[in-house]
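Encoded as structure tokens, the structure appears first; notes follow it.
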Number of protein chains: 2
Amino acid sequence: MAMGRPRAFDADAALDQAMEVFWRHGYEGATIAQLTEAMGINPPSLYAAFGSKEGLLKAALDRYSAKRACWMEEILSAPTAREVAERMLMGTADTQTDPANPPGCLLVQGGLACGTGSENVPFELAARRAETENQLRDRFVRAKAEGDLKQTADPAALARYLSAVNAGMGVMASSGADREALRQVAAVSVKAFEEQSNS
Amino acid sequence: MAMGRPRAFDADAALDQAMEVFWRHGYEGATIAQLTEAMGINPPSLYAAFGSKEGLLKAALDRYSAKRACWMEEILSAPTAREVAERMLMGTADTQTDPANPPGCLLVQGGLACGTGSENVPFELAARRAETENQLRDRFVRAKAEGDLKQTADPAALARYLSAVNAGMGVMASSGADREALRQVAAVSVKAFEEQSNS
DNA sequence: CCACATTTGTAGTGCTCACTACATTATGGA
DNA sequence: TCCATAATGTAGTGAGCACTACAAATGTGG
């Protein structure tokens, strides 16, 4: 049977461009015109490949998550809970102020509150944030079992805390905080972990 | 001379309703139709009183800030820096999950990233957040002078930290975190202050 | 009671939005 | 070579957006 005309653009490269537009303007602030221009394609190609604006966002988020996965692996491989926290927050300070990306975090800026009809966008972003939090919690459960965290420590609470600080840094970065300011926040945050660690 | 027909609605009550719509849907997600319906007025009344959608947001933010002012006064009157932090974050945990309001924080949900033409909305919100941060910083400068904080403590960094955690809690609350979860975050966060406190 | 100033409700305005119809072009298989 | 299939570029589509023209309504000062 026939195979049809082949796609003339690289879907991953196009998704990277779309990701940046969503990152900079949020889901609702990003227009199809801006997206197609950044992706270098026309609307029909976008809809053929991704179905809808929301479908495009999900595809961009999948790619964002995939890119982040190896980064998280390295963080979680740190020997102690304290070091996991430090790598995580210091890494966040760097990436959220990296001029190669828009400032802040896509999972926060993308849209915390949306208009009627886009209610699942905040949901979708929250689910991705929760994924990171769960990874952290599992890591801290292990840290507690290994005696790295005190027996009184609550791994879920610590993961939530780290996740909250991470999101908070995203808010700060989105409003122009520089790398040094974010590193200060990270440094103070990590102190809360020393209280929960053995030695 | 003549004074014209008097306004038939209470501007402050209308602003409270508008505040809630912006809070729940964000600036861009809120439509004039939703706003006018919630405020119980028609578009011409809205534009006569507030000039534009952005003008309405600013007026709502002014009212939000005014309401928050006395709350902040009480927080800042706490005897120690540690207690300032605790009151602040515990209070945030409560208000951001108060069923009387939409979940989260208006200054965060309102819009971190906006579309072309609304660039100053994120700016405006950031300015209001910075106000709180400055109040905290001033309070911590005093705490340091009073010997309540260690001489090695950085008041600006601590204020930034508290501001970041506050924003992070807003992100969590917006995605459905319950009061207990936020209180856990607050409790962990406060531990970072004990490191910086004398005795 | 009357001119005047301002608000109100009705009913739109132009514009931009996400999305698509359609003819064309480019491939693989028979 | 010719058909089936699918992507592309052009040029829109209806819907919903922020905002407003206009006339009726409602108050004040003289």
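Just so it is clear, the structure is predicted and the values come from calculations on it, not from any experiment. Lettering follows sequence order; numbering is per chain, from 1.
In this structure, A:N42 atom CG and C:dT24 atom P are separated by 17 Å, rounded to whole Å. Look at CG on A:L56: it is 13 Å from C1' on C:dC19, rounded to the nearest Å. Nucleotide C:dA18 holds its P atom 16 Å from the CZ atom of A:F50, rounded to whole Å. Going from atom CG of B:D10 over to atom P of C:dT8 covers 12 Å, rounded to whole Å. To the nearest angstrom, C1' of D:dA7 lies 14 Å from CE of A:M39. A:L35 places its CG atom 15 Å from the C1' atom of C:dT16, with the value rounded to the nearest Å. At whole-Å resolution of the value, CZ in A:F9 and C1' in D:dA6 are 12 Å apart. One atom, CD of B:E28, and another, C1' of C:dC17, lie 12 Å apart when rounded to the nearest Å.
In this structure, of C:dT8, C:dG28, C:dC19, it is C:dC19 that holds the atom nearest to the side chain of A:K53. Checking D:dT10, C:dT27, C:dC19 against every side-chain atom of A:I32, the shortest atom distance belongs to C:dC19. Residue A:T31 has its side chain nearest to C:dA18 when only C:dT8, C:dA18, C:dT20 are considered.
OP1 or OP2 of D:dT20 has not a single side-chain nitrogen or oxygen of B:Y47 nearer than 4.0 Å. At the phosphate of D:dT8, OP1 or OP2 sits under 4.0 Å from a side-chain N or O atom of A:S45.
Each of A:G4 and A:A33 was assigned the nucleotide of DNA chain C with the nearest heavy atom; the assignment lying further toward the 5' end belongs to A:A33. Closest-nucleotide positions on DNA chain D for B:E54 and B:P6 were compared, and the one nearer the 5' end corresponds to B:E54. Looking at which nucleotide of DNA chain D each of A:P43 and A:A48 is closest to, the 5′-most match is held by A:A48. Residue order along DNA chain C, read from the 5' end via each residue's closest nucleotide, puts A:A30 first among A:P44 and A:A30.
A side-chain donor-acceptor contact under 3.5 Å links A:Q34 and B:T116.
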Would you tabulate the side-chain donor-acceptor contacts of residues 155-166 of chain A under 3.5 Å, counting partners in other chains and residues two or more places apart, or write 'none'?
from	atom 1	to	atom 2	distance (Å)
A:R160	NE	B:Q184	OE1	3.4
A:R160	NH2	B:Q184	OE1	2.6
A:Y161	OH	A:S189	O	3.0
A:Y161	OH	B:Y161	OH	2.7
A:N166	OD1	A:T92	OG1	2.6

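In this structure, the salt bridge (charged side-chain N to carboxylate O under 4.0 Å, His left out) partners of B:D16, at least two apart in sequence or on a different chain, are B:R63, B:K67.
The pair A:R128-A:D62 meets the salt-bridge criterion, since a charged nitrogen lies less than 4.0 angstrom from a carboxylate oxygen. Using a 4.0 Å cut-off between charged nitrogen and carboxylate oxygen, A:R129 and A:E133 do not count as a salt-bridge pair.
Judged by distance alone with a 3.5 Å cut-off, no donor-acceptor contact links the side chain of B:R5 to the base of C:dA5.
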